[in-house]
Colleague: 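Attaching a single structure in structure tokens format; questions to follow.
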Amino acid sequence: MKDITSKLSLVGKNLQGSEIRRLFEVSMQPNVISFAGGMPDPDSFPAQQVAEAYFELLSERGELLLQYGPSRGTAEGVQAAGYLMSRHGIRVSGEEILITNGGQQGINIVTQVLIDPGDVILMENPTFVGALGVFRNARAKLVGIPMDSEGLMPAKLEKAAQDCMNRGEKIKFLYIITNFQNPTGLSLAPERRPEILQIARKYDFLVLEDDPYGELFFKGPRDRVRPLKALDTDSRVIYAGSFSKIISPGIRLGWLASTPQLIERFDMARQMMDVCTNPLIQAMADRLCSSGFLDRHIGNLRGIYAGRCEAMLAALKESMPGGVTWTKPEGGFYIWLTLPGPLSALKMLPKAIEQKVVYVIGNASSPDQSADASMRISFCHEDEKTIEEGITRLARTIHSMMGKSK
Ligand SMILES: Cc1ncc(COP(=O)(O)O)c(C=O)c1O
């Protein structure tokens, strides 16, 4: 066929590969240190426990677990999701949960069911690149709200909501990653949480709360990561959860929690996408939760990521030139680093690749391309020694861009 691309739909034509995926190839080259991916530490995957659970479950009832399952999720999947939410003080019934193939599918389903072209989605600026892609495909109007060290700024949110109202635009929801945000590592301060809900009520929009990192706090108290969903008194918050960062991303297991009316719609959309989530994986996750293993495992993960974050922060302090700033996360996977003006993280990337270190450029995560001076550097995947070496290489690159070789 001559020009097969003439057959593409509007969405098909506008599809763009993720910046992060593109960097994967570079990261695979020998001796490259990658701070680009958001991949969990592979040595911490509980392969042994997963294998044992699969073996036992398939021996007990393979005929059921290898069959199609309910599109909403199996009773065990719903129980596992309920267990993780109850740790955060979220109490919902089974009919308020839809099991998904990862958190990303949850974002897709919500967008498909709620968004018409031109609808406004409010979001942190910067935000998760995977969500940005989904929202752009749906041709939503993206409105980024600035953050400070305490997370999304309520006064700026209110101003943006008011401006949209004045222009007669329809705000469908605020997309927010409340805990250890991707890409900044920042969390919404506890005092701001009721305030955000109050603004959502005042301007009558929904909140899509994406919380894959909430369990990965380095220190207590747990109260600091209490999700908006736990404070939601008028069913305004749709909660998206995931097992990717606490069991493994390869199992593709997540969920949505919302009112039964919306869950019913989400379920209908999901039936047409991919029928159901693998019942065996849901049973395995439930077994890891109910045996008490997952609780201990999460404790170990917190220690691993806290150590790596500390190593990265110490290396940054040691080697970065004056004028470079960075966030100081208390959990999760990411640090957000900002170069002094007029340096551009995009223009610097080829130089960093020469030094064999890679990161994600800030603008990949920005709805309005206002983050050219920033980058996301992940501490989740590399060990402490490699992190130190990678930050030394990054500092060398920045020094040379600033005209001061070190
Ligand atoms: C904020 C955020 N939401 C959702 C996801 C998607 O996770 P999942 O593997 O559950 O689809 C990620 C993955 O990195 C993420 O960082």
Side-chain angles (χ1 to χ4, degrees), residues 18-21 23-24 27 34-42 45 73 77 80-81 84-85 97-111 121 123-135 144 147 151-152 173-188 207-217 225 227-229 237-257 266 270 273-274 277-278 281-282 285 301 305 327 329 331-336 359-360 362 364-367 376-381:
S18 138
E19 288 294 336
I20 298 173
R21 295 263 172 274
L23 283 174
F24 270 4
S27 334
S34 176
F35 295 142
M39 291 190 292
D41 169 32
F45 290 148
L84 279 176
M85 285 190 284
I97 297 174
L98 172 80
I99 300 298
T100 60
N101 287 329
Q104 178 75 26
Q105 186 183 38
I107 298 169
N108 251 296
I109 292 173
V110 170
T111 305
I121 304 178
M123 64 196 68
E124 294 145 322
N125 186 8
T127 190
F128 170 46
V129 64
L132 270 181
V134 172
F135 300 157
M147 306 168 77
L152 185 83
F173 59 79
L174 163 70
Y175 170 70
I176 185 165
I177 306 153
T178 29
N179 296 312
F180 320 120
Q181 199 235 16
N182 180 358
T184 60
L186 296 168
S187 294
L188 184 65
V207 177
L208 172 55
E209 179 176 35
D210 189 9
D211 191 23
Y213 303 99
E215 282 288 348
L216 297 179
F217 49 87
V225 297
L228 296 173
K229 183 71 184 160
V237 182
I238 302 163
Y239 184 80
S242 172
F243 286 88
S244 284
K245 315 296 181 183
I246 50 174
I247 297 183
S248 117
I251 63 169
R252 309 307 305 134
L253 188 61
W255 72 94
L256 290 171
F266 295 155
R270 117 44 74 79
M273 271 180 206
D274 61 353
T277 293
N278 182 329
I281 280 166
Q282 297 180 67
L301 294 178
Y305 295 124
T327 55
F333 282 8
Y334 311 107
I335 288 175
W336 183 249
Y359 52 81
V360 179
S365 309
S366 173
R376 187 190 80 177
I377 45 177
S378 321
F379 51 80
C380 46
H381 192 258

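Both counts, for ligands and for their atoms, begin at 1 and track the order of listing. All residue numbers refer to positions in the sequence shown, counting from 1. Small disclaimer: the values here were computed from a predicted structure and weren't measured.
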Colleague: Please give the N or O to N or O pairs under 3.5 Å between ligand 1 and the protein, distances rounded to 0.1 Å.
Modeller:
unit_1, atom_1, unit_2, atom_2, d
ligand 1, 3 (N), Asp210, OD1, 3.4
ligand 1, 3 (N), Asp210, OD2, 2.5
ligand 1, 9 (O), Ser244, OG, 2.6
ligand 1, 9 (O), Arg252, NH1, 2.9
ligand 1, 10 (O), Gly103, N, 2.7
ligand 1, 10 (O), Ser242, OG, 2.6
ligand 1, 10 (O), Ser244, OG, 3.1
ligand 1, 11 (O), Gly103, N, 3.2
ligand 1, 11 (O), Gln104, N, 2.9
ligand 1, 11 (O), Arg252, NH2, 2.7
ligand 1, 14 (O), Tyr213, OH, 3.4
ligand 1, 14 (O), Lys245, NZ, 2.9
ligand 1, 16 (O), Asn182, ND2, 2.8
ligand 1, 16 (O), Tyr213, OH, 2.6

Colleague: Any side-chain donor paired with an acceptor under 3.5 Å for Asn278 and Arg252?
Modeller: no
Colleague: Which heavy-atom pair separates Met123 from Ile121 by the least distance, and what is that distance?
Modeller: CE-O, 3.5 Å
Colleague: Using the ring of each side chain (for Trp, its six-membered ring), is Phe333 parallel, tilted or perpendicular to Tyr213, with breaks at 30° and 60°?
Modeller: perpendicular
Colleague: Indicate, with yes or no, if the rings of Phe173 and Phe135 have centres closer together than 6.0 Å.
Modeller: yes
Colleague: Please give me the minimum heavy-atom distance between Leu132 and Ala364, naming the atom from each residue.
Modeller: CD1-O, 3.6 Å
Colleague: Please name all residues satisfying salt bridge (Lys or Arg N to Asp or Glu O under 4.0 Å) with Lys229, sequence neighbours left out, ordered by chain then number.
Modeller: Asp232
